[in-house]
Amino acid sequence: MTGQAFTNDEQSTLAALVAQIIPASETFNQPGADDPEILNDIVTSGAHLRDRLALALASLSGEMPVNAAKATAFRQGFPAEADMIQTLTAQCYYRDARVMRALNIEVRPPFPKGYTQEPNDFALLEPVRQRGEIYRTLP
Amino acid sequence: MAHDPVDVLIIGAGASGAAVAWSLADTRMRILCLEQGGIPDQRTFPTTGRDWETRRMGDFALSPNQRGLPEDYPINDDSSPIKVTNFNGVGGGTVLYAAHFPRLHPSDFRVRTLDGVAEDWPVDYETLEPFFVENDSMMGVSGLAGDPAYPAGKTPPMPAAPMGRSGRKLAEAFNARGWHWWPCDLAIATEDYEGRAKCINLGACISGCAQGAKGSVDLTYWPKALRKGVELRTHCRVREIQVDDAGMATGVVYFDENGTEQFQPAHVVVMATNGVGTPRLLLNSTSKRFPDGLANSSGLVGKNLMFHPYASIQGIFDEPLDGHNGPHKSILSQQFYETDPTRGFVRGYTFETSRGTGPVGTALAGMDWGHIPWGAGHHAAFRTLQDRVTSLFAICEDLPEEHNRVTLDPTLTDSDGIPAPRISYTLSENSKLMMTHAIARGTEVMEVAGAKQVMTTAPITLAGWHLLGTARMGTDPARSVVNEWGRSHDVRNLFIVDGSIFVTSGAANPTSTLQALALYIADQMKQRLANLFD
Ligand SMILES: Cc1cc2nc3c(=O)[nH]c(=O)nc-3n(C[C@H](O)[C@H](O)[C@H](O)COP(=O)(O)OP(=O)(O)OC[C@H]3O[C@@H](n4cnc5c(N)ncnc54)[C@H](O)[C@@H]3O)c2cc1C
């Protein structure tokens with residue numbers, strides 16, 4: 001499984017495909033998944049998948065440039081590989097600081113700061129209390 | 001290497017093994033626990049990094065087959081629509097659990113008498129009650145007293161965790177339908193508690209709690225058991241339990257952290273290796289005297305596997321809810337817990353809420369549902385789901401059926417060459433009817449709550465987290481593997497205390513009951529020390 005890393009050709013194909021999955025958006029001020037930093041994360045984090053993706057990527061490399069129709073055909077022709085690439089892309093894209101900021105997510109891990117929550121309002125339980133016991137009593 | 005014999009050898013340092021170790025330590029016997037994994041280190045848990053959602057699909061995956069760490073053993077679950085999840089290390093499943101901590105109901109212990117199905121348990125709710133209370137205090141449970149779905153007297157030691165916007169929304173919907181709901185009992189500290197810092201709503205309980213607020217037994221029972229003198233040997237995987245000519249257990253063969261085979265003699269062996277690990281080990285422990293596996297004269301070892309089929313009902317809302325912020329579970333409903341013959345099935349289910357997901361989880365779920373497209377529409381569609389999805393899970397009672405079972409795989413082995421377990425499991429008609437009912441009722445709740453779209457799944461595939469029934473307890477040696485206080489009918493110094501001894505599954509997450517039962521068995525052992533083997 002620990003084969004070689006993605007070749008330059010494969011990286012270009014991957015970049016073209018992930019740009020079709022999550023393209024850049026001016027409206028939302030977000031980079032595309034083919035942004036160099038994000039792509040670097042995808043290529044590095046996905047190195048262990050390279051051997052499993054190589055064949056599928058090779059089939060797409062002859063189709064460059066990749067457009068929406070070709071991406072859809074790829075998804076249909078290689079569903080398992082497309083699924084892996086989709087997962088990898090989402091994992092790397094949504095932890096990018098610029099993306100998180102654009103989505104109003106604080107750029108930090110959950111720990112150690114954590115998050116706040118609103119206090120409970122147990123007045124809501126009044127009707128439940130009023131209806132009384134609901135467990136089954138034994139004979 | 002020859003080891004000195006110990007008085008009590010516990011196999012497995014998970015939920016039940018930890019409780020038994022702590023309780024038996026009162027006796028000042030020499031107690032040793034062998035655990036195949038290591039001690040988890042909270043400082044390295046996923047929520048300490050921005051890649052926390054990714055690690056849930058890697059080294060913190062729920063399935064041992066996906067994780068594939070050295071301490072994991074593979075499980076062939078190809079013949080089951082529900083796949084096994086676990087954690088192999090000190091703490092066992094409690095390291096990854098959601099810490100939802102409801103008890104079984106009194107009726108669960110009497111299903112044959114009440115509904116003419118399965119078997120009655122040889123113990124009842126009342127007998128276990130003091131052990132529920134002791135366990136709630138040891139695990140550090142938060143919640144709210146007065147739940148009308150239970151007999152009076154259930155008083156969690158800490159205040160309930162936050163319901164949040166999602167819990168509140170669903171609570172209002174349950175109220176609108178006139179149905180029961182209540183804040184969840186959670187083994188999560190909502191105040192600083194016995195050295196544990198309080199919950200700060202990291203929202204990734206099932207990836208391990210970096211804050212240490214969640215009551216996993218590596219943080220609750222183990223420190224206390226170790227202080228009382230129990231010895232814990234990690235990275236030691238037991239291959240088999242050996243017996244002498246008289247049919248008494250003499251000790252265990254295990255592989256130490258270097259992969260070297262060792263024999264550990266013991267006067268008493270206690271199995272706490274869970275509903276899959278225990279039948280696996282018993283079936284691997286064959287001898288001239290026990291050719292079909294140890295403690296298996298009933299032929300029931302590995303049979304009657306129960307999972308709790310889960311149905312999921314997810315609602316998409318217009319306004320932001322909680323996202324992943326906060327403990328996964330906030331409220332439950334046991335409106336449909338007890339049998340109602342008009343529903344067309346026996347027994348019932350619990351609804352538990354499941355808060356929401358982080359951005360990666362949102363994007364992946366959205367793309368799976370076809371809600372978030374590839375291409376230009378991706379960003380706008382993502383925003384319609386971000387923090388706007390919340391779920392109800394129905395935990396359905398699974399009735400015991402002998403064909404649902406754990407056997408040994410003929411070819412698959414773990415890294416020590418020990419035969420791995422194979423699961424054969426099919427959903428019963430009763431379970432299917434129950435899930436259909438749950439999906440209809442859950443959809444009603446979501447719609448009343450204002451969900452603009454509802455997605456359902458049944459069963460959830462990766463939800464084999466409750467592993468029950470494969471070495472059940474009972475008074476009749478022909479119909480059970482251990483007696484009413486956990487001792488094997490066949491081997492008088494062998495005890496089983498984990499989820500495999502459950503007679504039925506009830507419709508509630510099992511760990512509270514499982515640990516109360518383990519404490520009860522330890523208590524019985526202490527009371528019978530003078531004549532434990534009679
Ligand atoms: C993702 C997830 C979520 C969950 N959520 C909840 C919840 O919210 N509420 C709830 O009640 N329950 C929940 N559970 C289930 C809960 O974790 C289990 O019910 C509980 O841990 C079972 O306790 P046990 O003692 O039977 O076994 P475990 O806790 O599984 O412990 C068994 C131990 O034995 C060890 N072992 C196995 N074989 C060997 C061997 N041959 N040699 C040495 N050691 C061995 C294992 O490594 C493990 O540490 C969840 C579980 C998971 C995985």
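Since this is a predicted model, take the numbers as computed values, not measurements. Residue numbering restarts at 1 for every chain, and letters A, B, ... go by the order of the sequence lines.
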Under 4.5 Å from any heavy atom of chain B - which part of [X]:
X: Ala82(A); answer: both
X: Pro112(A); answer: backbone
X: Leu88(A); answer: neither
X: Val107(A); answer: both
X: Asp96(A); answer: backbone

> Is the NZ atom of Lys70(A) crowded by more than 12 outside heavy atoms at less than 6.0 Å?
Replying inline: yes

Discussion item. Tell me whether the count of non-hydrogen atoms from other residues, nucleotides or ligands lying under 6.0 Å of CD in Glu126(B) goes above 12.
Written reply: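 Counting neighbours around CD of Glu126(B), 12 or fewer heavy atoms of other residues, nucleotides or ligands fall under 6.0 Å, so no.
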
Checklist entry - chain A: which of Gly58(B), Pro46(B), Gly326(B), Pro106(B) shares the most heavy-atom pairs with it under 4.5 Å? => result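 Highest number of pairs under 4.5 Å: Pro106(B).
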
Q: Heavy atoms only, distances under 4.5 angstrom: which of Gln211(B), Gln335(B), Gln334(B), Glu172(B) has the most pairs with chain A? Name it, please.
A: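 That would be Gln211(B).
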
From [X] [atom1] over to [Y] [atom2], what is the distance, rounded to the nearest 0.5 angstrom?
X: Asp124(B); Y: Leu138(A); atom1: CG; atom2: CG; value: 8.0 Å
X: Asp368(B); Y: Gln86(A); atom1: CG; atom2: CD; value: 6.0 Å
X: Tyr150(B); Y: Glu133(A); atom1: OH; atom2: CD; value: 13.5 Å
X: His378(B); Y: Thr89(A); atom1: NE2; atom2: OG1; value: 9.5 Å

Give the minimum heavy-atom separation between [X] and [Y], together with the two atoms involved.
X: Leu202(B); Y: Gly114(A); answer: CD2-CA, 3.8 Å
X: Ile134(A); Y: Ala149(B); answer: CG1-CA, 3.6 Å
X: Ala90(A); Y: Leu364(B); answer: CB-CD2, 3.8 Å
X: Thr47(B); Y: Pro109(A); answer: O-CB, 3.4 Å
X: Trp52(B); Y: Pro110(A); answer: CD1-CD, 3.4 Å
X: Met163(B); Y: Asp121(A); answer: CE-O, 4.4 Å

Give a yes or no answer on whether the side chain of [X] reaches the backbone of [Y] with a donor-acceptor pair at less than 3.5 Å.
X: Asn175(B); Y: Pro127(A); result: no
X: Asn325(B); Y: Gln117(A); result: no
X: Arg131(A); Y: Trp179(B); result: yes
X: Arg95(A); Y: Asp51(B); result: no
X: Gln91(A); Y: Glu53(B); result: no

Of all pairs that satisfy ring-ring contact (aromatic ring centres under 6.0 Å, His included), the ones with a partner from residues 107-139 of chain A, not counting sequence neighbours =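 Every ring-ring contact (aromatic ring centres under 6.0 Å, His included) pair that includes a residue of residues 107-139 of chain A, provided the two are not neighbours, is Tyr115(A)-His324(B).
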
Side chain, backbone, both or neither of [X] within contact of chain A (heavy atoms, under 4.5 Å):
X: Leu144(B); result: side chain
X: Thr339(B); result: both
X: His105(B); result: side chain
X: Tyr125(B); result: neither
X: Gln386(B); result: side chain
X: Arg50(B); result: both
X: Ala204(B); result: neither

Practice item. Check whether any side-chain heavy atom of Asn120(A) lies under 4.5 Å from a side-chain heavy atom of Pro183(B), and answer yes or no. Key: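 Counting from C-beta outward, Asn120(A) and Pro183(B) never come under 4.5 Å.
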
Quick check: under 4.5 Å, non-hydrogen atoms only, which of residues 15-30 of chain A neighbour chain B?
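Result: Leu17(A), Gln20(A), Ile21(A), Ile22(A), Pro23(A), Ala24(A), Ser25(A), Phe28(A), Gln30(A).
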
* Can a salt bridge be assigned to the pair Asp340(B) and Arg136(A) using a cut-off of 4.0 Å between side-chain N and carboxylate O? ->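 No.
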
